[in-house]
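Worksheet for the structure shown next.
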Amino acid sequence: MVLSARGLSKSFGAFSAVRNVDLDIHHARVHALIGPNGAGKTTVFNLLTKFLQPTAGSITLLGSDITKTPPDKVARMGLVRSFQISAVFPHLSVLDNVRVALQRPNGLSTQFWLPASSLDRLNQQADALIETVGLKRERDAVAADLSYGRKRVLEIATTLALDPKVLLLDEPMAGMGQEDIGAVSNIIREVAKTRAVLMVEHNLSVVSDICHQVTVLQRGEILAEGDYETVAKDERVRLAYMGTEDA
Amino acid sequence: MSDVMHTTSTARTGRSATASRTYAAFLGIGLVLLIVAPLFFYPIFLMKLLCFALFACAFNLLLGYTGLLSFGHATFFGGAAYFTAHAVKEWAVTPEIGILVGVLGAAALGLIMGFFAIRRQGIYFAMITLALAQMFFFFCLQAEFTHGEDGIQSVPRGHLFGLVDLNDTTSMYYFVLGVFLIGMIVIWRFINSPFGMILKSIRENEQRAISLGYSVARYKLGAFVMSAALAGLAGGTKALVFQFATLTDVGWQMSGEVILMTLLGGIGTLIGPIFGAGLVVTLQNYLATSQFPVTIITGVVFMVCVLVFRRGIIGEFYASRLGRRLGFEHRR
Ligand SMILES: Nc1ncnc2c1ncn2[C@@H]1O[C@H](COP(=O)(O)OP(=O)(O)OP(=O)(O)O)[C@@H](O)[C@H]1O
Ligand SMILES: [Mg+2]
């Protein structure tokens, strides 16, 4: 177990968005977090990555308590997230986006006296990542010019650049075409061989395809847990969430 | 789709090659003009201009490249003027050491002010810097070594490295020009460095930078201290040019003036603030002898510029058809 949360709760004023959530994320497994809109999935991500401070509960990452750790430190410890609304650096090229992610792990982020060309030694690593996610043709394009789906792929590349131990992906396939969905599924399956992945996903065929474990969230609370078959059979889940879709 | 990508990217690389040629040409012309300028203009005026241009560029390093609007930069400019003046007058150090004292003092003040202000955003950041700058102003009014209302008078220019007599106006001009160029090179390198790249990414998307593990506050603090140190370089040099350091340079009006210069010239362009400073200093110079109140004129000029040139003079030029044909690109 690499990441676990106990009794995680978050209130915004009187509204409680997440209530008493327990989660265990394991190495080399893909864990899906699903639930209807507004269930609190993104809030759970914000809590785990410490972009939000939990109202109650505790979080443990790789054996250390991170309940009070700032978000940049959590990222440096190996828990890296992507955002629901694609987060790239819009006016930088695809290559530069990946290089920015590589700068810190390569100890090349504080030198204010070196020329920008000193970053060229990250190119090989960056190109390999760009190749992995299939962005080779767009390498020198400005990120803002990419299509929505390509931006998401770029964000995955920058996330992988940190070689995280735990990967949190918030709807990585939203807005993607069928082709890209297949490609990204393969990437996730591949990277999950050596890391833990927690992903929010609305596309249930993707969930059944690549996820080992599923947690269903509803109105901030865990409704059901287990592998896809178990969860899909659960009456309450069918009622609350899957009833409308063909599971 | 991919073809579109491809043409866009070649267009971009082609453009930036033109841009670097154009930059090189402009740089060469600018340098020559600066070298021969004392033949045509009053040297003291030129030196004042260079000091303020450097000050504005230092300020722009913070505003244009990290998006932080400081309302307290007079602290670093005026503070360094006091430190340098004190060092060369009371400790009898050579001018370059005196300026170094000013720079280090300004950097230390920057570290303190930055520490308190950096976690605040927008108007709160501006208010905190203003409040701390006012505290420093009163410190300068009360402190022993600043001599209150009188300021530090008759500061000796001394001999550069103990060799070159800076009381010779021509030598002094080229010394100031050298300081200015060093400052500009430092700024240019700072922006185009691995550190500068992280600053750029923070400005582009702060949340993403955090999620990549960057301690955003530390990078901003680094930029703040660098900006303060360079403002100090300008202030210390100015103290040697005019041979005094007074309360004028630490007052809030000075903080306002540098904002004005930067906005006039164009935020986030390397040379915009130089033009802004040139315009303001020239106006002040010519209006000083006239009956017109200077502040009203600069105020009107500022209003006209803000209305006509939203991106600042140089920013508009870059964005204009001619500017784009020459290969410039405005980033905002
Ligand atoms: N910063 C905030 N302040 C107040 N309320 C918030 C805040 N963030 C989220 N909420 C509320 O918390 C609830 C859960 O939001 P959250 O974004 O976590 O849902 P989600 O499961 O990710 O939904 P979606 O599938 O639409 O992305 C929503 O009702 C939302 O309005
Ligand atoms: Mg969400």
Side-chain angles (χ1 to χ4, degrees), chain A residues 49-51 70-83 85-94 96-97 99-119 122 137-147 150 155 158-159 161-162 164 168, chain B residues 1-16 61 65-66 119 185-227 229-230 268 329-332:
Chain A
T49 51
K50 300 310 309 302
F51 276 70
D72 52 300
K73 175 102 186 287
V74 169
R76 291 198 290 277
M77 289 169 74
L79 171 58
V80 182
R81 69 175 299 181
S82 71
F83 290 82
I85 297 159
S86 87
V88 295
F89 303 115
H91 297 104
L92 303 187
S93 70
V94 166
D96 279 342
N97 264 274
R99 292 206 307 191
V100 164
L102 286 169
Q103 276 183 252
R104 191 186 48 75
N106 285 282
L108 208 60
S109 59
T110 52
Q111 291 83 345
F112 57 82
W113 57 90
L114 291 181
S117 60
S118 61
L119 295 174
L122 303 175
R137 301 182 63 161
E138 290 97 335
R139 176 188 191 259
D140 297 311
V142 180
D145 293 345
L146 298 179
S147 70
R150 305 265 86 191
E155 198 187 341
T158 56
T159 309
L162 304 193
L168 265 51
Chain B
M1 163 75 202
S2 299
D3 286 342
V4 177
M5 286 303 156
H6 192 68
T7 33
T8 333
S9 76
T10 35
R12 286 183 58 80
T13 40
R15 202 184 287 164
S16 66
L61 181 65
Y65 292 89
T66 59
R119 278 165 212 280
I185 290 170
V186 169
I187 291 173
W188 185 80
R189 172 42 52 85
F190 189 80
I191 295 166
N192 296 293
S193 68
F195 188 98
M197 197 67 194
I198 304 303
L199 277 184
K200 205 181 285 176
S201 72
I202 291 172
R203 200 189 49 187
E204 292 259 301
N205 191 335
E206 185 162 336
Q207 296 295 309
R208 184 56 181 159
I210 295 172
S211 78
L212 293 176
Y214 292 108
S215 320
V216 166
R218 283 196 206 167
Y219 287 88
K220 286 184 180 172
L221 185 59
F224 195 94
V225 171
M226 182 53 95
S227 172
L230 287 162
E329 226 174 304
H330 195 70
R331 290 174 297 102
R332 288 187 170 224

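The chains referred to below are lettered A, B, ... by the order of the sequence lines, with proteins before strands, and numbering in each begins at 1. Model, not experiment: these values are computed from the prediction.
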At a heavy-atom separation under 4.5 Å, does A:Ser93 approach chain B through its side chain, its backbone, both, or neither? neither
Contact part of A:Ser118 toward chain B, heavy-atom cut-off under 4.5 Å: side chain, backbone, both or neither? side chain
Distance-only donor-acceptor check, side chains B:Arg218 and A:Thr110, under 3.5 Å: no
List the residues meeting side chain to side chain contact (heavy atoms under 4.5 Å, CB included) with A:Ala143, not counting sequence neighbours, and say none if there are none. A:Val88, A:Asn97, A:Leu154
From the list A:Glu155, A:Gln103, A:Arg81, the residue making the most non-hydrogen contacts under 4.5 Å with chain B is A:Gln103
Nearest-0.5 Å distance, OG1 of residue A:Thr49 to CD of residue B:Gln207: 9.5 Å
Can you tell which of A:Arg76, A:Lys73, A:Lys50, A:Arg139 has the highest number of heavy-atom pairs within less than 4.5 Å of chain B? A:Arg76
In terms of heavy-atom contacts, B:Glu204 and A:Phe89 come closest through OE1-C, 3.2 Å
Taking distance alone, no hydrogens or angles, what donor-acceptor pairs closer than 3.5 Å link side-chain atoms of residues 187-199 of chain B to residues at least two apart or in another chain?
residue  : atom : partner  : partner atom : Å
B:Arg189 : NH1  : A:Trp113 : O            : 3.2
B:Asn192 : ND2  : B:Trp188 : O            : 3.0
B:Ser193 : OG   : B:Phe190 : O            : 2.8
B:Ser193 : OG   : B:Phe195 : N            : 3.3
B:Ser193 : OG   : B:Gly196 : N            : 3.0

Does any heavy atom of chain B fall under 4.5 Å from the side chain of A:Leu119, the backbone, both, or neither of them? side chain
Between A:Ser117 and chain B, which part of the residue has a heavy atom less than 4.5 Å away: side chain, backbone, both or neither? neither
Identify which part of A:Leu114 has an atom lying under 4.5 Å from any heavy atom of chain B, answering side chain, backbone, both or neither. both
Closest heavy-atom pair, A:Ala161 versus A:Leu102, reported as atoms and distance to 0.1 Å, is O-CD2, 3.6 Å
